[in-house]
Amino acid sequence: MQDALSALLFLPDTEKTARGLTDTPREIQQQPDTWRNTLTRLDADSARIREFLHSCGIAPGSEVTPNVILAGAGTSDYIGRSLTRLLAQKWNTNVVAIPSTELLTNLDDHILPGKKYLLISFSRSGESSEGIALLHLAHERYPAQMRHLLVTCNAFGSMANFPGIFTVTLDDATNDRGLAMTSSFSNMVLTGQYLACIHESSAYRAIAEKLADIGANLLPQAANLAAELAPKSFRRVCLLGTGALQATAQESALKVLELNAGKIPTLAESFLGLRHGPMSFLTKQTLVLAFLSDDEDRVPYELDLLEEIRLKDLAGAILIVAPRTSDRIQKLSSHVLSLDAPIHFPDAYRPVVDIIVGQLLALFLAIENGITPDTPSDGAISRVVSHVKIYSPTGRTEK
C-alpha cells in the first residue's frame, strides 16, 4: 500500500505544479539516500578536512584548541544548535552557536582578547546577506585571531568562493529548491557530526548508516501519521526536546511556521522549561510534538511532563517520537513513532533523522490548509535572504 508521501510524489506534474508540491515532498523523501551520498563525499575529502582542522589546533593531544563559533541564520542557526554539545565533547573545546544575524551587529561582544577562534558557517545557498557580510567583518577585524570553515550546498555561492575560507561543499541535490530547508538541514547536520568525529570517522560511518536505515523506515510511517493528524484542525503546535533534540524541536517549529505561511503559531521548548510559563500556550486545539530522549537520566523528566499534560487535559493530541516504545509511552498517546533505534543510541546524532517528523507534519498541515508548500509565502519571506542592507563598520581594529 502506498504511503501518504509517496502518493504526493506520483501525482501528475501539472498537479504538483498547481499545488506547489514539485520540490518539497521530493526533498523530504530523498534524505536517507542523500545522507549516504554525503557520507561518501566526506570520506573522500577526509584527509583535506583533517589537515585543515589540525592547522587550527583541533587534533588529538593538541595543547591549544580554538574556541569554536557556529554561525547561520534561521534553519542554519538550528544546525549549529544541533551540534554544539557533540562538537564540544569530541573536540574538547568551547563551542557556541550564535546566529550570524547576532554576530553581524555584535561580533566584538563575542571575541575575547588573545583567544583563537574557528568560525564555522552553515549556509544552504551561500548567498545570505548577513553571512557574506559577517565574513567580510571578521576578516577585517580579526584576521589573525579567526580561521574560517564553511559548510554549504552551493559550490557557486559567494560564501563558497570567499578568499581564505575552507569550504566543505555538499552535493547539489541537497540545495533545496523549495523555500523551506529540508535536505539541506539534515545533510549539513550530518556533515557537522562528521567533522566532530573526524578522528574516528569509521565509527561515525556506522552511526550514519544506521541513521539512514532508521530514516528510510521512518518516512512512510511518519507521513501516514502526519496525514492523519493534519485534518484535525489544530490551531497551534508545541514542540518539545531536550539537549540536541531541543534544536530539532526549534527547527520543526520553524518548518510548521514557514510552510503554513504563519497561520499556525508554534512554540519550541525544553520539557522542563515548559512548566515555567510557556505551558500557558497549550489549548485543546494544540498538537504537542515530543522528541523523547534515550538517556535514562533525561527521559523520566520528559515522561512526567507529558503525563501532566495528559492528566490536566491541556492539549488536543500528543505525537511522540521515541527511540523505542514502552508501555508507559503507549499509555500517553495513540500517536507514537518508534525509531527502533539501538539501545543507548546517543541523542546527539538524532536531529538528522528526527527532523523528518517535523518536516512531514509541516508539509501535511500546509496541504490541509490549502497552502503551496514549495512557495508558501506571499512575499513576507524568501528562499534566500539576500536583500538586507549592510552598513559599513566603524573601523575598529583587532583586539
For this session: List the steps and the verdict of salt bridge (charged side-chain N to carboxylate O under 4.0 Å, His left out) for Glu307 and Arg328.
Result: CA-CA 9 Å; Glu307 287 169 349; Arg328 188 177 179 189; 2.7 Å; yes
For this session: Could you go through the side-chain contact (heavy atoms from CB on, under 4.5 Å) check for Ile355 and Ser252 one step at a time?
Result: CA-CA 6 Å; Ile355 190 56; Ser252 297; 3.4 Å; yes
For this session: With salt bridge (charged side-chain N to carboxylate O under 4.0 Å, His left out) as the test, would you mind laying out the steps for Arg324 and Asp340 before giving the verdict?
Result: CA-CA 5 Å; Arg324 289 164 308 282; Asp340 295 324; over 6 Å; no
Problem set entry | Derivation of the salt bridge (charged side-chain N to carboxylate O under 4.0 Å, His left out) call for Asp327 and Lys331 | CA-CA 6 Å; Asp327 290 342; Lys331 290 176 182 177; over 6 Å; no
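Remark: Arg141 engages Asp108 in a salt bridge, criterion side-chain N to carboxylate O under 4.0 Å. A salt bridge does not link Arg310 to Asp313: none of the charged side-chain nitrogens sits closer than 4.0 Å to a carboxylate oxygen. Using a cutoff of 4.0 Å between basic side-chain nitrogens and carboxylate oxygens, Asp45 and Arg41 are not scored as salt-bridged.
Among the candidates Asp171, Asp43, Asp213, the single residue satisfying the salt bridge (Lys or Arg N to Asp or Glu O under 4.0 Å) test with Arg36 is Asp213. Results of the side chain to side chain contact (heavy atoms under 4.5 Å, CB included) test with Val288 over Leu239, Val237, Leu314, Leu282 single out Leu282 as the only residue that passes.
Considering only heavy atoms from C-beta on, Thr167 stays 4.5 Å or farther from Val151 through its side chain. The side-chain heavy atoms of Ile371 and Lys263, taken from C-beta on, include a pair separated by under 4.5 Å. A 4.5 Å side-chain heavy-atom check between Gln193 and Val352 finds at least one atom pair inside the cut-off. Counting heavy atoms from C-beta on, the side chains of Cys238 and Leu287 never come closer than 4.5 Å. Proximity of Leu319 to Phe291: side-chain heavy atoms (C-beta onward) are nowhere separated by under 4.5 Å. Taking 4.5 Å as the limit, some side-chain heavy atom of Ile320 sits within range of a side-chain heavy atom of Ile329. Contact of the Ile356 side chain with the Gln31 side chain is registered, since non-hydrogen atoms from C-beta on lie closer than 4.5 Å. The closest side-chain heavy-atom distance from Arg147 to Tyr117 is not below 4.5 Å.
Side-chain atoms of Thr65 and Trp91 form no donor-acceptor pair, as typed in the model, at a separation below 3.5 Å. When only modelled atom types and interatomic distance are considered, Glu127 and Ser158 share a side-chain donor-acceptor pair under 3.5 Å. In summary, the side chains of Thr17 and Thr14 do not present any donor paired with an acceptor at a separation below 3.5 Å, with no hydrogens or angles considered. Checked by atom type, the side-chain pair Asp295/Ser293 shows no donor-acceptor distance below 3.5 Å. Under 3.5 Å, the side chains of Glu102 and His110 contain a donor-acceptor pair of N or O atoms. Between the side chains of Asn260 and Asn369, at least one donor N or O lies within less than 3.5 Å of an accepting N or O. In the model, Thr242 has a side-chain atom that pairs as donor or acceptor with a side-chain atom of Glu302 under 3.5 Å. When only modelled atom types and interatomic distance are considered, Thr24 and Asp374 share a side-chain donor-acceptor pair under 3.5 Å. For the residue pair Lys255/Thr75, the side-chain donor-acceptor check at 3.5 Å is satisfied. No donor-acceptor contact under 3.5 angstrom links the side chains of Ser233 and Gln285, judged on distance only.
Residue Arg275 places its CZ atom among more than 12 non-hydrogen atoms of other residues, nucleotides or ligands, all under 6.0 Å distant. Residue Glu200 places its CD atom among more than 12 non-hydrogen atoms of other residues, nucleotides or ligands, all under 6.0 Å distant. Annotation for Lys284: atom NZ counts as buried by contact number, over 12 foreign heavy atoms lying within 6.0 Å. Shown here is Asn161, whose CG atom has more than 12 heavy atoms of other residues, nucleotides or ligands within 6.0 Å.
Although no hydrogens or angles enter the test, the distance criterion places a donor-acceptor pair under 3.5 Å between the side chain of Asp294 and the main chain of His344. Without hydrogens or angle criteria, Lys115 side chain to Pro66 main chain gives no donor-acceptor distance under 3.5 Å.
By the rule that hydrophobic residues join a cluster once side-chain heavy atoms approach within less than 4.5 Å of another member, Leu70 and Leu42 end up as members of one cluster. Criterion: ILVMFWY side-chain heavy atoms under 4.5 Å apart, direct or through other members. Under it, Leu339 and Ile318 are not part of a common hydrophobic cluster. Note on Leu118 and Tyr142: separate hydrophobic clusters, where clusters join Ile, Leu, Val, Met, Phe, Trp and Tyr whose side-chain heavy atoms are under 4.5 Å apart, directly or indirectly. Residue Leu292 is not grouped with residue Tyr349 when hydrophobic side chains (ILVMFWY) are merged at heavy-atom distances under 4.5 angstrom, including chains of intermediate members. Hydrophobic clustering keeps Phe122 apart from Leu104 (ILVMFWY residues linked when any side-chain heavy atoms are closer than 4.5 Å, directly or through intermediates).
Phe166 has its ring centre less than 6.0 Å from the ring centre of Phe52. Residues His139 and Phe162 bring their aromatic ring centres within 6.0 Å.
The two residues Thr372 and Ala18 have their closest heavy-atom pair at CG2-O, 4.1 Å. Considering every non-hydrogen atom in both Ile309 and Leu274, the closest pair reads CD1-CD2, 4.0 Å. When all heavy atoms of Arg350 and Asp354 are compared, the closest pair comes out as NH2-OD2, 2.6 Å.
In this structure, CG in Asp347 is found 12.0 Å from OG in Ser82, a value given to the nearest 0.5 Å.
Judged by a 6.0 Å distance limit and a 45° cone about the ring axis, Arg236 is positioned over the six-membered ring of Phe281.
In this structure, Tyr204 and Tyr194 have perpendicular ring planes: the angle between them is above 60°, well past the 30° mark.
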